[in-house]
Amino acid sequence: MSSVELLSGRQGNMPNVGLGLRREMLDEFCQTTPREIEFFEVAPENWMTLGGKFGRQFKQLTEQHPFFCHGLSLSIGSPEELDTQFVKNIKTFLDTHQIAIYSEHLSYCSGKGHMYDLMPIPFTDDAVMHVAKRIKQVEDILERPFILENVSFYAAPSAQMTEQEFVNAVLNEADCKLLLDVNNIYVNSINHQYDPQAFLAAMPTERIAYLHIAGHYQEDIDLMVDTHGADIIDPVWSLLQQCYQLHGVHPTLLERDFNIPATTELLKEINQIHSYQQQAQQALSARFA
């Protein structure tokens, strides 16, 4: 099954659940991949220059399983010119491994130099037009649809609209798909004091390509940090269930970037996602029975 077909949200009669692949997982998953993990996601920057054993193992897995790519350093909102050579390198990597799905963050990480962090784009009309133009440039080079992720952010410089308005404006102007990160909605709702359910409901169902869910770190009672280094907490699980109820079941990826437990522990959260997907599908079927 191709990654394009996977975006239909079903494999046979089952929705799809994936895991972010880390190098330390290669030995295990090249031996056997649990059937509960139905696709993998990688940051192409971390894999496209690998050779040797890691390169061979990665190629083995991409030949056996559907893969998505989720970029880190495209810097779609940067004020500097788009690094077209970098985008061409991404395309070569995607073509080599026959990966159709490419997403990136609605943020930037470069100006005159590279900042190695995801910075918030000002929520302005000018920024909407700027980002949309660059998205179309990337699509032309990649020859693939561009999927944009709502990001966690900790300041909103020069904002002329809300995050919700900005995300929707960019999606509409660029006419692109959305990678909806459920944990980022929750983190931002605490840090910026808004209703996560209202934000979730305002996202355009028809543009959602797939979902992310992850854990985070509570710095203080009103400060959450998006780390992908902890277990998912109950309010985020609840938001995922609401997302399925509002927008239908979409492929959902578990992100875990450090403090990575044994696969048996990761499978507990992966199976929790499966369970919520099945419940949502059953509820939908009953509604139209």
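The basis for the numbers below is simple: all heavy atoms, side chains too, and nothing from hydrogens, waters or symmetry mates.
- Listed by first then second residue, pairs satisfying salt bridge (Lys or Arg N to Asp or Glu O under 4.0 Å) with a partner in residues 269-280 number zero, not counting sequence neighbours.
- Between Y102 and F146, the angle of the ring planes goes over 60°, which puts this pair in the perpendicular group of the 30/60° scheme.
- Judged purely by atom type and a 3.5 angstrom limit, S285 uses its side chain to pair as donor or acceptor with the backbone of Q281.
- No donor-acceptor pair closer than 3.5 Å links the side chain of H212 to the backbone N or O of L254.
- Residues satisfying the side chain to side chain donor-acceptor pair (under 3.5 Å) criterion with K91, sequence neighbours excluded, are D95, E143.
- Contact of the E149 side chain with the N184 side chain is registered, since non-hydrogen atoms from C-beta on lie closer than 4.5 Å.
- A search for side-chain contact (heavy atoms from CB on, under 4.5 Å) contacts involving E45 returns A43, L72, S73, F86, E104, not counting sequence neighbours.
- Applying the side-chain hydrogen bond (donor to acceptor under 3.5 Å, both in side chains) definition to pairs two or more places apart or across chains, those involving residues 230-241 are D231-R256.
- For K133, the NZ atom sits in a loose shell: 12 or fewer heavy atoms of surrounding residues, nucleotides or ligands are nearer than 6.0 Å.
- Contact check on E139 versus K136 returns no salt bridge, with no Lys/Arg side-chain nitrogen under 4.0 Å from an Asp/Glu carboxylate oxygen.
- Residues satisfying the side chain to side chain donor-acceptor pair (under 3.5 Å) criterion with Y244, sequence neighbours excluded, are T252, Q277.
- Considering only residues two or more places apart in sequence or on other chains, S189 meets the side-chain contact (heavy atoms from CB on, under 4.5 Å) condition with Y186, Y194, P196.
- Classified by interplanar angle (parallel below 30°, tilted 30° to 60°, perpendicular above 60°), the ring pair F153/H192 is parallel.
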